[in-house]
Every structure is written in C-alpha cells, then in structure tokens.
Amino acid sequence: MILKSKDVLGLEDMSAEEILGVLEIASKFRAVFDRPVRNVPIMRGRTVVNFFHEPSTRTRISFELAEKRLSADIVNFSSATSSFKKGETLRDTAENLAAMKIDMLVIRHSSPGSARYLANVLDCSVINAGDGAHEHPTQGLLDIMTMRQRLGDLRGRKVTIIGDIAHSRVARSNIWGLTKLGAEVTLCGPPTMVPAALARLGVEVEYDLRRAVAEADVLNVLRIQLERGAGKTFPGNREYHRMYGITEEIVRSLKPEAFILHPGPMNRDVEIAGEVADGPSQVILDQVANGVAVRMALIYLLSGGDPGALGGVH
Ligand code: CP
C-alpha cells in the first residue's frame with residue numbers, strides 16, 4: 001500500500017517513500033495524456049465531491065479532469081450557491097454530503113486545518129486542495145514531479161523559493177516535500193514576507209535575491225497574495241519587482257540549465273516579468289499538465305487502486 005492514510009492533508013504527513021510512490025503512479029497516468037483517448041475506466045461507480053470555498057482555476061479544473069479521466073462520478077459544490085449562505089456550518093454541510101454516500105471529498109478552504117477537521121469527522125477520504133496559508137499538497141507534489149522530470153533524483157539539488165512565503169501554502173508543501181527528498185531549499189523575499197523562523201524547517205533564508213539564485217537548479221516563484229494582505233508588506237508592485245521580481249537580467253545570471261516554476265495564478269511584472277513567464281526557462285504549463293496526473297494518482301490510490309494493476313494504462 002503506497003498511502004498509509006485514508007486522506008491527503010499535507011506533505012508534512014507523508015514520507016519520502018509515499019511521495020515517490022505517488023509520483024511513480026502519476027508518471028504512468030501522465031503517459032496516457034498523449035493517447036487520443038485519455039480516459040480510463042478504473043473509478044467507474046465511485047463518487048467524488050469537489051468542495052471549493054475559495055476561487056480556483058487550476059486546482060478545481062485539474063481535479064475535475066483527473067476525476068473524469070478516471071471515469072468517476074463528480075459533484076461540484078460551490079459555497080456561493082449553497083446553504084452556507086443561510087448559516088450552515090462546514091461540518092454540517094460535509095456530513096450531509098457524506099450521508100449521500102460519497103467516496104471522496106476534495107476541499108479548498110481559507111481556514112488552515114479545515115481539511116484535517118473534516119477528515120477527522122468523515123469516513124470518506126479527504127484531499128486538501130489548499131487550506132489557507134497551511135498546505136497545498138497536490139501543488140507540492142506536481143511541483144516536485146516537474147523538478148524530477150528534468151533533474152531526476154533531487155538529493156543535493158538546490159531549489160530557491162521566492163516571494164510571499166509567509167502567506168504561502170505552496171511554499172510550505174514544497175518545503176516539506178523537497179526536504180524529505182534531500183533537496184537543499186532556500187527561501188528568499190522581503191523580510192516582511194519571509195519569517196526567519198522558517199529556518200527551523202531545515203531551509204536557508206536569504207534576503208538578497210541575486211545571492212539566493214546564483215547556485216540554484218530550480219526557482220519556484222510565488223504569487224504575491226494580495227487577498228491575504230500581502231500588499232501591506234511592501235511599498236508597491238514596482239518596488240517589489242525591482243527588488244525581487246524574476247526579470248530577464250536575473251535569468252541571465254542563473255546557471256544555464258536552471259529552470260523556473262510558478263504555481264499560478266501569476267501577477268505578471270510583479271513577481272515575474274512577462275518575458276520570463278513566456279520564455280524558454282519556465283516550465284509552468286508542464287506543472288499544470290503534471291497536476292492532473294498527480295491528482296489522478298492520489299484519487300486512484302485513496303480508492304484502493306492497486307499500483308500493480310496499472311500496466312494497461314501506459
Ligand atoms: N495553483 C493554484 O492553486 O491555482 P488555483 O488557485 O487557480 O487553483
């Protein structure tokens with residue numbers, strides 16, 4: 001059994017073996033994407049509810065595509081059109097959904113710990129699709145998959161995560177996953193966005209962008225999360241771009257084989273220059289494609305899918 005828990009709540013909870021096991025299955029599903037027919041019938045008769053309480057483009061559509069490609073039945077739930085508006089609690093809503101006999105709940109919510117809270121009260125599997133500033137495990141896994149496609153084993157590889165670390169669930173999932181796989185992680189951004197205490201997680205903290213990226217194999221550039229108050233932690237977008245933006249000049253200073261990730265959505269010309277976002281050093285759309293494969297792998301494994309039975313899908 002690759003996954004030990006019924007739920008996927010964060011990479012803090014997963015071992016290196018579990019992470020690598022999921023990525024191996026994801027690479028089998030990824031190979032299916034190049035076929036004319038991308039659907040496989042292995043989740044027929046299972047029901048997954050996508051329970052999104054925050055805006056999302058990539059994660060919501062990626063989960064939905066992953067579920068459809070596995071032939072699962074899907075229900076999409078949005079808090080904006082639900083009885084949340086009438087004061088129903090998160091737990092009551094989730095228990096009502098579970099009473100309708102669902103197999104899995106995918107939740108995005110602004111409160112850290114919301115996915116774990118529901119996992120503790122529901123019998124079905126829960127996947128965290130982002131809980132506040134806590135974790136975004138499927139993003140962490142797809143980022144790691146994208147890095148491994150280019151670099152192979154990540155032991156000793158240098159990954160610099162740049163930007164709004166304080167508000168970033170993506171940063172936390174990257175830090176847990178990458179350090180478990182032996183990568184050397186550096187965090188960089190303005191001191192107001194990169195708490196020095198994060199060094200306790202086994203990472204370096206460097207406030208000078210040029211020093212932080214000089215030896216990096218990978219840059220993971222994070223979005224400035226204006227909706228979580230990040231705008232108050234620096235004087236303005238132009239100032240941020242001048243100090244910490246990934247510009248063509250910064251790209252020219254990198255090791256020639258270094259490459260750039262961004263989890264999206266991007267603030268063009270704030271954390272990343274438009275030319276870099278569209279340029280040859282970035283792998284942003286590879287990340288998006290890998291996201292579907294990672295989510296297929298997790299849904300398959302949490303449903304009791306046999307890793308050894310996947311010979312036919314690739
Ligand atoms: N990367 C990410 O979580 O994007 P969305 O907010 O669009 O889902």
Side-chain angles (χ1 to χ4, degrees), residues 8-12 22-23 26 30 48-69 74 76-80 104-115 126-147 159 161-178 189 193 218-231 246 259-268 270-272 276-277 282-299:
V8 174
L9 305 178
L11 297 195
E12 181 178 5
V22 170
L23 296 184
R30 183 74 182 78
V48 184
V49 174
N50 298 315
F51 194 44
F52 277 66
H53 298 253
E54 264 193 345
S56 169
T57 298
R58 277 145 293 272
T59 311
R60 186 175 55 78
I61 292 172
S62 181
F63 266 110
E64 197 173 329
L65 273 177
E67 293 147 10
K68 284 186 170 154
R69 288 189 185 166
I74 304 173
N76 289 319
F77 175 98
S78 151
S79 53
M104 203 170 292
L105 185 81
V106 177
I107 177 168
R108 169 169 288 195
H109 198 282
S110 56
S111 296
S114 47
V126 174
I127 303 182
N128 180 5
D131 61 333
H134 174 231
E135 279 227 42
H136 192 348
T138 58
Q139 181 71 45
L141 288 168
L142 75 88
D143 288 348
I144 291 170
M145 179 172 176
T146 308
M147 294 179 209
V159 181
I161 305 174
I162 302 146
D164 184 8
I165 313 289
H167 294 97
S168 178
R169 54 196 175 208
V170 177
R172 276 168 192 73
S173 291
N174 267 253
I175 291 168
W176 286 117
L178 287 166
M193 289 183 173
V218 186
L219 273 53
N220 200 350
V221 183
L222 302 181
R223 184 171 68 86
I224 304 302
Q225 302 203 26
L226 299 169
E227 79 279 18
R228 295 190 211 282
I246 304 306
F259 56 94
I260 298 167
L261 284 76
H262 191 304
M266 283 185 280
N267 297 306
R268 280 174 181 262
V270 183
E271 70 266 4
I272 187 165
V276 177
Q282 55 78 27
V283 292
I284 295 167
L285 297 182
D286 291 345
Q287 290 173 263
V288 175
N290 289 336
V292 179
V294 158
R295 290 166 180 129
M296 288 175 81
L298 290 173
I299 293 165

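Atoms within each ligand, like the ligands themselves, are counted from 1 in listed order.
Taking each heavy atom of R108 and A129 in turn, the nearest pair found is NE-O, 3.0 Å. Smallest separation of non-hydrogen atoms from W176 and L11: CB-C, 3.8 Å. Closest approach of Q139 and P263 over heavy atoms only: NE2-CB, 3.4 Å.
Counting heavy atoms from C-beta on, the side chains of I107 and F52 never come closer than 4.5 Å. Using a 4.5 Å heavy-atom cutoff, the side chains of H136 and T59 are in contact.
Summarising the geometry, atom NE2 belonging to H134 is positioned 7.5 Å from atom OG belonging to S173; distances are rounded to the nearest 0.5 Å.
At a heavy-atom cutoff of 4.0 Å, ligand 1 is surrounded by S56, T57, R58, T59, R108, H136, Q139, P263, G264.
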